[in-house]
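First comes the structure, then the notes that go with it.
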There are 2 protein chains.
Amino acid sequence: MNTRDAIIKVGDELIRDRGFNAFSFYDVSKALGIKNASVHYHFPTKTALAIAVVQQHSRLVDELMQKTAAKDPLVKLQAFLSIYTYTKAENKVCIVGSLATDLHSVDGSIQQELKLLVEKILHWVTGILEEGRNKKIFHFDTSARTRALLVITNMLAALQLTRLTGEKDFKLVKETIIKELKNKQ
Amino acid sequence: MNTRDAIIKVGDELIRDRGFNAFSFYDVSKALGIKNASVHYHFPTKTALAIAVVQQHSRLVDELMQKTAAKDPLVKLQAFLSIYTYTKAENKVCIVGSLATDLHSVDGSIQQELKLLVEKILHWVTGILEEGRNKKIFHFDTSARTRALLVITNMLAALQLTRLTGEKDFKLVKETIIKELKNKQ
DNA sequence: GTCTATATTCCGATAGAC
DNA sequence: GTCTATCGGAATATAGAC
């Protein structure tokens with residue numbers, strides 16, 4: 001991995017572990033065994049780094065969408081949920097939650113990039129749920145978009161809340177979501 | 001209101017608007033027309049202020065529990081949900097979400113205080129849902145605690161996510177939660 | 001209880017050598 | 001592309017006058 005990508009990786013981990021305002025370029029440089037000034041060579045500002053981090057998440061979502069495009073809706077849903085499972089294993093939170101709570105302290109350009117990511121995810125999950133309902137795999141009686149909002153909020157906050165109640169509750173939330181989408185009402 | 005309480009109020013608003021690491025004692029003093037050093041007289045450290053903020057939320061939950069103790073479960077649930085509605089009107093997030101995303105950057109004493117608050121809320125909501133099911137007002141087929149986790153995560157993250165998608169989605173999530181608890185499966 | 005003044009540390013960012 | 005060195009500013013916190 002080149003230095004630029006390594007910086008993005010460390011920056012992402014720090015943002016989702018501690019929050020945007022709780023890490024410094026020194027933290028990043030220390031983790032990579034380089035100097036503060038070298039980080040600034042790749043990312044002139046902290047804002048520029050945060051934007052690159054959000055864009056990296058956006059690309060990962062794109063990849064996951066493409067990889068599962070031909071699969072059935074349950075597999076697609078599990079692919080989406082796996083993002084959170086992986087995140088929970090690190091006891092981190094998701095990039096959306098981390099930056100949303102600090103939203104009014106970050107630059108407008110970061111807010112804008114995050115908004116694009118949220119719209120992409122919401123559109124993706126809405127499509128998965130709609131397709132699943134059409135194929136009688138999922139059952140729910142709200143709009144698909146509303147159901148997507150409920151599923152996403154469950155998962156996003158489960159990462160945060162279960163930092164305080166325990167990891168078992170995260171699995172409980174995830175499994176209940178799947179179970180209830182499968183159940184006929 | 002005395003200065004101490006005014007500091008707690010401003011500190012709370014700043015934490016839930018921008019995050020713990022994005023505000024300073026100068027921000028607080030500026031908002032109150034006093035000096036940095038005066039804030040330190042009341043709260044020797046930023047950690048001490050954050051603990052007082054969390055304890056204040058805990059007291060408010062106690063008051064809401066007591067005020068609604070004799071009411072029916074639907075009124076109790078609406079009282080609980082009203083916390084988030086009020087928070088959304090300010091476009092802030094809840095104290096649990098704000099500190100949970102920054103959790104690994106704050107002192108252990110804050111983490112501990114937050115854990116107590118989360119346990120109190122989870123226990124309260126679990127009791128409301130259990131009572132509602134016993135009285136045939138709510139209907140769900142998970143444990144009451146699991147249902148409480150789902151309701152709390154929906155609301156907590158709705159505050160965050162709808163900073164990026166719009167306030168209408170917050171109302172949508174809240175109303176769907178109530179509707180689905182009332183509906184027979 | 002609030003003030004002025006300041007000590008100390010850290011952070012974001014830049015200049016310029018290699 | 002990475003380094004040393006440093007600037008300017010901000011933040012937490014404290015000492016001591018009033």
Side-chain angles (χ1 to χ4, degrees), chain A residues 1-56 98-99 101-111 113-114, chain B residues 1-54 56 98-99 101-111 113:
Chain A
M1 196 185 302
N2 61 35
T3 303
R4 185 189 151 89
D5 289 343
I7 292 169
I8 291 174
K9 183 169 185 288
V10 172
D12 173 50
E13 287 169 354
L14 287 167
I15 291 174
R16 292 184 300 103
D17 188 55
R18 308 164 52 81
F20 177 76
N21 294 300
F23 85 97
S24 69
F25 272 32
Y26 174 69
D27 293 326
V28 176
S29 67
K30 191 174 50 178
L32 295 174
I34 58 178
K35 297 295 170 180
N36 173 16
S38 299
V39 181
H40 273 285
Y41 170 79
H42 294 280
F43 297 98
T45 63
K46 204 178 168 185
T47 293
L49 174 53
I51 290 174
V53 165
V54 176
Q55 287 173 338
Q56 172 70 7
S98 178
L99 290 174
T101 56
D102 297 346
L103 198 70
H104 297 161
S105 76
V106 305
D107 193 86
S109 56
I110 298 175
Q111 299 180 16
E113 205 63 43
L114 193 64
Chain B
M1 197 185 301
N2 61 34
T3 303
R4 185 189 149 88
D5 289 343
I7 293 169
I8 291 173
K9 183 168 184 288
V10 172
D12 174 50
E13 287 170 353
L14 288 167
I15 291 173
R16 291 184 303 103
D17 188 55
R18 307 163 53 81
F20 177 76
N21 294 299
F23 86 98
S24 69
F25 271 33
Y26 174 69
D27 293 326
V28 176
S29 67
K30 192 175 50 178
L32 296 174
I34 57 178
K35 297 295 170 181
N36 173 14
S38 300
V39 181
H40 273 285
Y41 169 79
H42 294 281
F43 299 97
T45 64
K46 205 177 166 184
T47 293
L49 174 54
I51 289 173
V53 165
V54 176
Q56 173 70 6
S98 179
L99 290 176
T101 56
D102 297 346
L103 197 70
H104 296 161
S105 77
V106 304
D107 193 86
S109 57
I110 299 176
Q111 299 181 15
E113 205 64 42

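Within every chain, numbering begins at 1; the chains are lettered A, B, ... in the order of the sequence lines, protein sequences first and strands thereafter.
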Do [X] and [Y] have side chains that approach each other closer than 4.5 Å (heavy atoms only, starting at C-beta)?
X        : Y        : result
A:Thr47  : A:Ile110 : yes
A:Leu103 : A:Leu114 : yes
B:Phe20  : B:Val53  : no

Round to the nearest Å and state the distance from [X] atom [atom1] to [N] atom [atom2].
X        : N      : atom1 : atom2 : answer
B:Asn36  : D:dA13 : CG    : C1'   : 8 Å
B:Asp107 : D:dT12 : CG    : P     : 14 Å
B:Tyr41  : C:dG1  : OH    : C1'   : 5 Å
A:Asn2   : D:dG1  : CG    : P     : 9 Å
B:Leu49  : D:dA11 : CG    : C1'   : 15 Å

So which nucleotide from [options] ends up closest to the side chain of [X]?
X       : options               : answer
A:His42 : C:dT14, C:dA13, D:dT2 : D:dT2
B:Thr3  : C:dT2, C:dA13, C:dA5  : C:dT2
B:His40 : D:dT12, D:dC3, C:dT2  : D:dT12
A:Lys46 : D:dC3, C:dA13, D:dA13 : C:dA13

Would you give me the side-chain donor-acceptor pairs under 3.5 Å for residues 29-43 of chain B, sequence neighbours excluded?
residue: B:Ser29; atom: OG; partner: B:Phe25; partner atom: O; Å: 3.4
residue: B:Ser29; atom: OG; partner: B:Tyr26; partner atom: O; Å: 2.8
residue: B:His40; atom: ND1; partner: B:Pro44; partner atom: O; Å: 3.0

### Query
Any side-chain N or O of B:Ser38 under 4.0 Å from OP1/OP2 of C:dG1?
no

### Task
Might you point out which heavy atoms bring B:Gly19 and B:Ser98 nearest each other, and give the distance in Å?
CA-OG, 4.0 Å

### Query
Quick one, which residues of residues 10-33 of chain B touch DNA chain D with a heavy atom under 4.0 Å?
B:Phe23, B:Ser24, B:Phe25

### Query
When you measure from the side chain of A:Asn2 to the backbone N and O of A:Asp5, does any donor-acceptor pair fall under 3.5 Å?
yes

